[in-house]
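Quick notes on the structure that follows.
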2 protein chains.
Amino acid sequence: MKPPSARSRRHPFDAEQLLREAGLKATSPRIALLRALHAAARPLSAAALHASVGGDADVVTLYRNLEVFAAQGLARRIEGREGHALYECVDDTHTHHHHVTCTVCGRMEDVELCVPPRVLEEVSKKARFAEIQDHVIELYGICAACQASLTKIRP
Amino acid sequence: MKPPSARSRRHPFDAEQLLREAGLKATSPRIALLRALHAAARPLSAAALHASVGGDADVVTLYRNLEVFAAQGLARRIEGREGHALYECVDDTHTHHHHVTCTVCGRMEDVELCVPPRVLEEVSKKARFAEIQDHVIELYGICAACQASLTKIRP
DNA sequence: TTGACAAATGCAAGTTATTTGCGTTTACTA
DNA sequence: TAGTAAACGCAAATAACTTGCATTTGTCAA
Ligand SMILES: [Mn+2]
Ligand SMILES: [Mn+2]
Ligand SMILES: [Zn+2]
Ligand SMILES: [Zn+2]
């Protein structure tokens with residue numbers, strides 16, 4: 001018998017509460033968006049999120065709220081390789097991490113590697129930067145599934 | 001007396017030769033673009049490159065060639081944080097590296113940190129990726145100059 | 001409970017970076 | 001030096017966001 005996953009542990013995910021805790025009005029477009037972000041297993045584009053919330057929010061509202069969420073630390077924006085932005089939830093069940101992306105199908109997986117603090121210090125010194133505030137690591141490769149189908153076509 | 005810099009060592013930078021070696025027709029828009037990329041100290045946007053080559057190439061041609069260059073390994077595309085792409089030269093004087101970007105003024109510096117091969121293997125195994133082909137690391141912080149002016153305003 | 005009011009929303013219109021279509025030009029090759 | 005595919009420039013189209021503005025809605029103090 002499996003233990004409950006981190007994602008499902010705290011059961012009735014209280015979007016309204018989280019919004020108010022962040023000092024934001026708990027409107028229904030926001031509630032729907034925050035739920036969609038929380039439910040997602042992978043970073044999603046604005047278009048995907050719009051599809052996901054259905055009629056619960058206009059795309060414009062969605063863009064505005066993604067910006068607000070990012071500013072309040074409720075969500076994180078990632079620049080996808082195809083030029084458009086992706087968003088993912090930030091909460092106690094989704095801590096700091098990075099991604100591997102399949103260059104064939106676009107599938108993204110979380111990975112736990114990170115830049116060690118002492119490397120950051122070193123860079124800060126060498127590049128003469130007063131402070132390193134943030135970083136992004138993105139890995140690109142071929143996922144097992146795509147590798148399998150590629151092998152089938154051109155072994 | 002300083003030794004000549006890596007950038008200036010091979011003096012008459014032969015763009016035409018490099019293009020032909022890559023199997024590309026050495027047209028004047030391409031020569032101008034490759035020279036501009038080579039001369040740049042930092043990754044440049046398509047707009048900046050267009051300004052840099054002046055009347056020597058239409059923006060459309062420039063976009064098409066940036067794609068071709070990236071495919072042939074003559075240039076590298078970076079997704080800047082503001083949503084638009086940046087391009088930089090790839091040649092023996094510009095080897096594999098990553099960047100720190102100032103979140104205030106946008107200045108980019110090269111940094112030499114990288115992901116160790118054994119970490120890549122580990123990720124490949126854990127995420128069930130057949131192969132890791134590529135990676136991006138971008139650091140964000142505040143450069144010395146911007147820190148100084150910030151301190152002046154709000155000490 | 002209510003109602004004032006700022007904050008948030010939806011729709012329409014505008015930007016901006018990048019792409020596509022197509023007729024013309026140009027660099028390579030024989 | 002001519003033939004030809006590749007590359008070009010111009011105009012128009014997309015795609016991903018953003019902005020303006022009139023209308024709605026959560027919040028909070030009364
Ligand atoms: Mn993630
Ligand atoms: Mn660089
Ligand atoms: Zn894949
Ligand atoms: Zn700076």
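To find a chain, count down the sequence lines: A is the first, B the second, and so on, and within it residues start at 1. What's counted below: heavy atoms across the whole structure, side chains too, no hydrogens, waters or symmetry copies.
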Item to check | chain B footprint on DNA chain C, 5' to 3' - any atom under 4.0 Å from a heavy atom | outcome: C:dA17 to C:dC28
Next on the checklist: From CD of B:Gln72 over to C1' of D:dA7, roughly how many Å is that when rounded to an integer?
Outcome noted: 14 Å
Checklist entry - Whole-Å distance between D:dA7 C1' and B:Asn65 CG? => result 8 Å
Next on the checklist: For a 4.5 angstrom cut-off between non-hydrogen side-chain atoms, does A:Asp91 reach A:Leu18?
Outcome noted: no
Checklist entry - Quick one: are B:Gln72 and B:Leu24 in side-chain contact, heavy atoms under 4.5 Å? => result yes
Checklist entry - Are B:Glu121 and B:Lys125 ion-paired here, with the side-chain N under 4.0 Å from a carboxylate O? => result no
Next on the checklist: Between B:Glu131 and B:Ser124, is there a side-chain donor-acceptor contact under 3.5 Å, judged purely by atom types and distance?
Outcome noted: no
Would you tabulate the pairs of protein nitrogen or oxygen atoms and nucleotide nitrogen or oxygen atoms of nucleotides 11-17 of chain D closer than 3.5 angstrom?
residue	atom	partner	partner atom	Å
D:dC17	OP1	A:Ala85	N	3.2

Checklist entry - Under 6.0 Å between the ring centres of B:His97 and B:His99? => result yes
Checklist entry - Cation over ring, A:Arg81 on A:Tyr140, under 6.0 Å and within 45°? => result yes
Checklist entry - Distance-only, no hydrogens or angles: does the A:Arg42 side chain make a donor-acceptor pair with backbone N or O of A:Met108 under 3.5 Å? => result yes
Checklist entry - So, the side chain of A:Thr103 versus the backbone of A:Gly141: is there a donor-acceptor pair under 3.5 Å, distance only? => result yes
Item to check | D:dA7 phosphate, OP1 or OP2, under 4.0 Å from B:Arg30 side-chain N/O | outcome: yes
Checklist entry - Parallel, tilted or perpendicular for B:His135 and B:His98, by the 30°/60° rule? => result tilted
Checklist entry - Does anything in residues 20-29 of chain A reach DNA chain C, meaning a heavy atom under 4.0 Å, and if so which residues? => result A:Lys25, A:Thr27, A:Pro29
Next on the checklist: Using side chain to side chain contact (heavy atoms under 4.5 Å, CB included), reason through A:Tyr87 and A:Ile78 one step at a time and then give a plain yes or no.
Outcome noted: CA-CA 6 Å; A:Tyr87 300 85; A:Ile78 301 165; over 6 Å; no
